Amino acid sequence: MKYNPNKIEKKWQDKWYKSDIFYAKNGSKSKKFYLLAEFPYPSGDGLHVGHCRSYTALDIIARKKRMEGYNVLFPIGWDAFGLPTENYAIKKGIHPSVATKKNTDTFRRQLKSLGYSFDWSREINTTDPEYYKWTQWIFLQLFKNGLAYKSKIAINWCSSCRIGLANEEVVLGKCERCGTKVEKKEKEQWLIKITEYAERLIKDLDLVDYLEKIKIQQKEWIGKSEGSLVKFPTEGIDNFIEVFTTRIDTIFSCTFLILAPEHKFIDRHKNKIQNIEEVLEYREKSKNTPDAERTNEERAVSGVELKGIKAKNPATGEEVPVWTADFVLGHYGTGAVFADAHDKRDFDLAKKQGIPLRTSIEPADKNIAVKVKTLEICFEGEGILYNSMQFNGLSSAQARSKIISWLGEKGMAQNKTNYKLRDWVFSRQHYWGEPIPLIFCSKCGWQAVAEKDLPVKLPKVKKYKPTETGESPLAEIKNWINVKCPKCKGKAKRETDTMPNWAGSNWYYLAYAFAKNGKYNWDDKKIKYWMPVDWYNGGMEHTTLHLLYSRFIFKFLWDIGAFPKSIGPEPYKKRASHGMVLGEGSVKMSKSKGNVINPDKVVKEYGADTLRVYEMFMGPFDQMIPWDAKGVVGARRFLEKIYKLFNRKKLNKSNAGIELKKIMHKTIKKVSEDIGEMKFNTAVSSMMEFVNAWNISDKDLSEKDSEDFLKILSPFAPHLAEELWFGAKFKGLCCNQKWPKYNTKLIEEEKFLLIVQINGKVRDKIEAKAGILEKEAKNLALSSEKIVKWMEGKEPKKIIFIYKKLINIVI
RNA sequence: GCCCAGAUGGCGGAAUGGUUUACGCGUAGCACUUAAAAUGCUAUGAGCUUCGGCUCAUGUGGGUUCGACUCCCACUCUGGGCACCA
């Protein structure tokens, strides 16, 4: 009989998916385990082998946990709103929902063809009105709690997609999706106050078990910096210009101020700035400089003085000039800085424009100190203060707190914490997203749609294309837009913007707790039972987007009591991440390179189990790894060997070998531990070693050992394990069995290879009893011919003995 | 520029203070075959060798240690993230 995976796999998948064996049981008394894999965006390209890698890994964990007696929730669904589907629909002239249906059907078929043990009864779809009813409900709660507001802001505008982009969607000044240069455009947008949660989003990372690099990336993205606000009086104009600084210890060297070109001070005092035309011209120029060009490191600093404007340094009482320069950002801090010789950009600008400079921080290195004082080089580090009145001689750190309290007493300075994180632009001018459930009334302002009227369904339109003006296509459907104001019943209009991609994935982990066959009945009890997620796996690319957003939304829902408080303020207990699968030669897989591996083809040619085993074996799970078509063959050979051994040497109990049993138990130990640590590659290799040992042995496996082997194989190659389990006439389904335990006694070896070193170099290897101590080991070593030769008659100076490992003789 | 991760045979990798190169791929030889494929077995880091072995090798240079792929310092390169953040 030949191993025929196509036949075997279909058979077992039918059996599994027609039953409820992979269904999670709400409220079961067994210990729950919620294992979450990021749900896919169902693109028209179908499943990627990268999806298979992470889903196989999690499927292995889910199957093992189930065998260990946990009540496992391992769900799947579709994050289906978004631009690619919309663009596809526009191109093909079909409704995006039709494209979505087609794509999800493909994904579902592909995922099932790989035998994943998802709970398909809880499948979710973010584009289902029953689902987005809750997405809209969450938005309304944000709105009602004052966390959603509309504001005219300069947004990142992609002229090709005709869409406003969140900062997170701009990569190196280009649109993340299409690569077009992003422009600045003023537009009314809905924003969400994620910044109010900045501190908690940092602090609560202490409560969770995330990979350290994920925590670091989140913290860096939020970008907390502690400093102070300092007032620079501007007599006769405004009262003062306020600046943010983390280096108030350098204030005595401040010789000028710099404002961001867009700073409102300039607008307020146009008539007082003598060279206002020049200043406005500079502002226009900097506005049109795309961020991409700013990344040019060699770009020289530029700036313009606001002539006729002076400010007073609150520390020295000196009058200093005020400049504007585009390296000062309007949206960070107060949009204004004080400038001095201890900042590289300030230093460069001053040198270039002939602005006077003065130093006040002395570096520890005397040679550098000389060059700093003569303004030959710019010193940005910390040191000892001079030129700083009563603060002379203090270190930078000491001086900072003293200067703040000194200026603070005069009302000129205070402590201040700043974050790089900005509020989240939440509206999109596109069709294929959740409508924002708000109504604008010219009398009453923005009003929430009544909760009983949710969902606000997407209306049918003829054209999905964004309009020339950049407005959403919904803006053209008059009978949908025009509604009554929920408050005064007068004429009002619906918001026509839709929500961004992230809206649906902000809360989907909650949906799985209560979703059933396409119905979404929010259920506190079920949420309480399943949440938080025990183990969440996804890509590193979502660390600063989805992961941060969803943590924020969860915290918000927790705050307003949308589910029981006892769950705690964090949605995910543990977060791990997988490495990408690259094309051969370590380049990214892409259609244009023609190196995309289609999982369907691999399944057809080699079988699902082969694909699963190969993707686990190819390398460490968290690392990027190139696809190797030849490597797939190795996985297939491994499975074939197992199939042959089970059929050829079918359970010859009388010939069972104790040596094989020992290796079996070592393998159980290794595989059990490795799965928990996501070291799937070494788990597979240890099973390969076992099979090799069995193959060359003239003994066979006992019935118990065969059972155990199939059980540990089954998470990796579930179809083959099931087939062989059935073929051996074992009871029930293999995937329903109890995970095997290893016997410690069987793992202990009676003998070992004693490594004998002389001066740390291996000179002999002697087989010895496992229990021997130093004395016996020494005798054994010194009686070896080779060792005697190497000793050259010398006496050992020192002997190091490591139990069960080696003996090192130092001469 | 800053932060994080990494560098081991022809290739993917294993080993986290104690036999470097497990497992897999590839390659070579042998067996089976009319032949090929498939399969099985054997060999496979480099150099030297009197065929007993010896020497060298985990990016580079130092250090700690009886002993370093592993720990420490400096550097080079590769990948990822952030970046005019005051």
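In what follows, chains are A, B, ... by sequence order, proteins preceding strands, each numbered from 1. Just so it is clear, the structure is predicted and the values come from calculations on it, not from any experiment.
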Is a side-chain donor or acceptor of A:E615 paired with a backbone partner of A:R53 at a separation under 3.5 angstrom? yes
Roughly, in whole Å, what's the span from [atom1] in [X] to [atom2] in [N]?
| X | N | atom1 | atom2 | result |
| --- | --- | --- | --- | --- |
| A:K630 | B:G10 | NZ | C1' | 11 Å |
| A:F690 | B:C23 | CZ | P | 15 Å |
| A:K778 | B:C66 | NZ | P | 18 Å |

Does [N] have its OP1 or OP2 closer than 4.0 Å to a side-chain nitrogen or oxygen of [X]?
| X | N | result |
| --- | --- | --- |
| A:N695 | B:C41 | yes |
| A:N681 | B:A14 | yes |
| A:K761 | B:C56 | yes |
| A:R637 | B:A38 | no |

Could you work out which one of [options] sits closest to the side chain of [X]?
| X | options | result |
| --- | --- | --- |
| A:K765 | B:U39, B:U19, B:G13 | B:U19 |
| A:P620 | B:A14, B:A86, B:G81 | B:A14 |
| A:R763 | B:C54, B:C85, B:C41 | B:C54 |
| A:L753 | B:A86, B:C54, B:U19 | B:U19 |
| A:N692 | B:A86, B:C82, B:G24 | B:G24 |
| A:Q217 | B:C56, B:A14, B:G81 | B:G81 |
| A:M624 | B:G80, B:U55, B:C84 | B:G80 |
| A:T682 | B:A86, B:G81, B:A15 | B:A15 |
| A:I216 | B:G24, B:C4, B:C85 | B:C4 |
| A:F244 | B:A22, B:C41, B:A86 | B:A86 |

Classify A:K789 by what it touches in the nucleic acid, base, sugar-phosphate, or nothing, heavy-atom distance under 4.0 Å. nothing
Say you draw a straight line from [atom1] of [X] to [atom2] of [Y]; how long is it, rounded to the nearest 0.5 Å?
| X | Y | atom1 | atom2 | value |
| --- | --- | --- | --- | --- |
| A:I747 | A:K669 | CD1 | NZ | 6.0 Å |
| A:R400 | A:T250 | CZ | OG1 | 9.0 Å |
| A:L306 | A:F265 | CG | CZ | 7.0 Å |
| A:L329 | A:H263 | CG | NE2 | 12.0 Å |

[N] versus [M] - spacing of their [atom1] atoms, nearest Å:
| N | M | atom1 | answer |
| --- | --- | --- | --- |
| B:C54 | B:G61 | C1' | 27 Å |
| B:C69 | B:A57 | P | 10 Å |
| B:C23 | B:U78 | P | 34 Å |
| B:A22 | B:A15 | C1' | 8 Å |
| B:U65 | B:C73 | C1' | 16 Å |
| B:A83 | B:G13 | P | 30 Å |
| B:G67 | B:G18 | P | 15 Å |

Short of 4.0 Å, heavy atom to strand atom, which residues of residues 795-811 of chain A count as contacting RNA chain B? A:K798, A:I800, A:I802, A:K805, A:L806, A:N808, A:V810
For the residue pair [X] and [Y], confirm or rule out a side-chain donor-acceptor distance under 3.5 Å.
| X | Y | result |
| --- | --- | --- |
| A:K798 | A:N808 | no |
| A:N537 | A:S54 | no |
| A:S225 | A:Y332 | yes |

If we only count heavy atoms from C-beta on, is the A:K352 to A:D348 side-chain gap below 4.5 Å?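 Side-chain contact under 4.5 Å: no.
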Need to verify one output field. Residue with the more 5' nearest nucleotide on RNA chain B, A:S686 or A:P626?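 First, find each residue's nearest nucleotide; the 5'-ward one identifies A:P626.
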On RNA chain B, check which nucleotide each of A:F338 and A:W790 is closest to and give me the residue with the more 5' one. A:W790
For B:G59, glycosidic torsion class - syn if within 90° of 0, otherwise anti: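 Chi for B:G59 falls in the anti range.
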Which glycosidic conformation, syn or anti, is assigned to B:G12 if syn requires a torsion within 90° of zero? anti
Hey, does the side-chain of A:Q623 have a donor or acceptor N/O within less than 3.5 Å of a partner on the base of B:G6?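 Looking at the base of B:G6, it does not pair with any donor or acceptor on the side chain of A:Q623 (distance under 3.5 Å).
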Name the atoms and distances for all side-chain donor-acceptor pairs under 3.5 Å in residues 758-765 of chain A, with sequence neighbours left out.
unit_1: A:N759; atom_1: OD1; unit_2: A:I811; atom_2: N; d: 3.0
unit_1: A:D764; atom_1: OD2; unit_2: A:S784; atom_2: OG; d: 2.8

Stems with RNA chain B, 3 or more Watson-Crick or G-U pairs in a row (under 3.5 Å), are B:1-7 with B:76-82, B:10-12 with B:23-25, B:26-31 with B:39-44, B:45-48 with B:53-56, B:59-63 with B:71-75
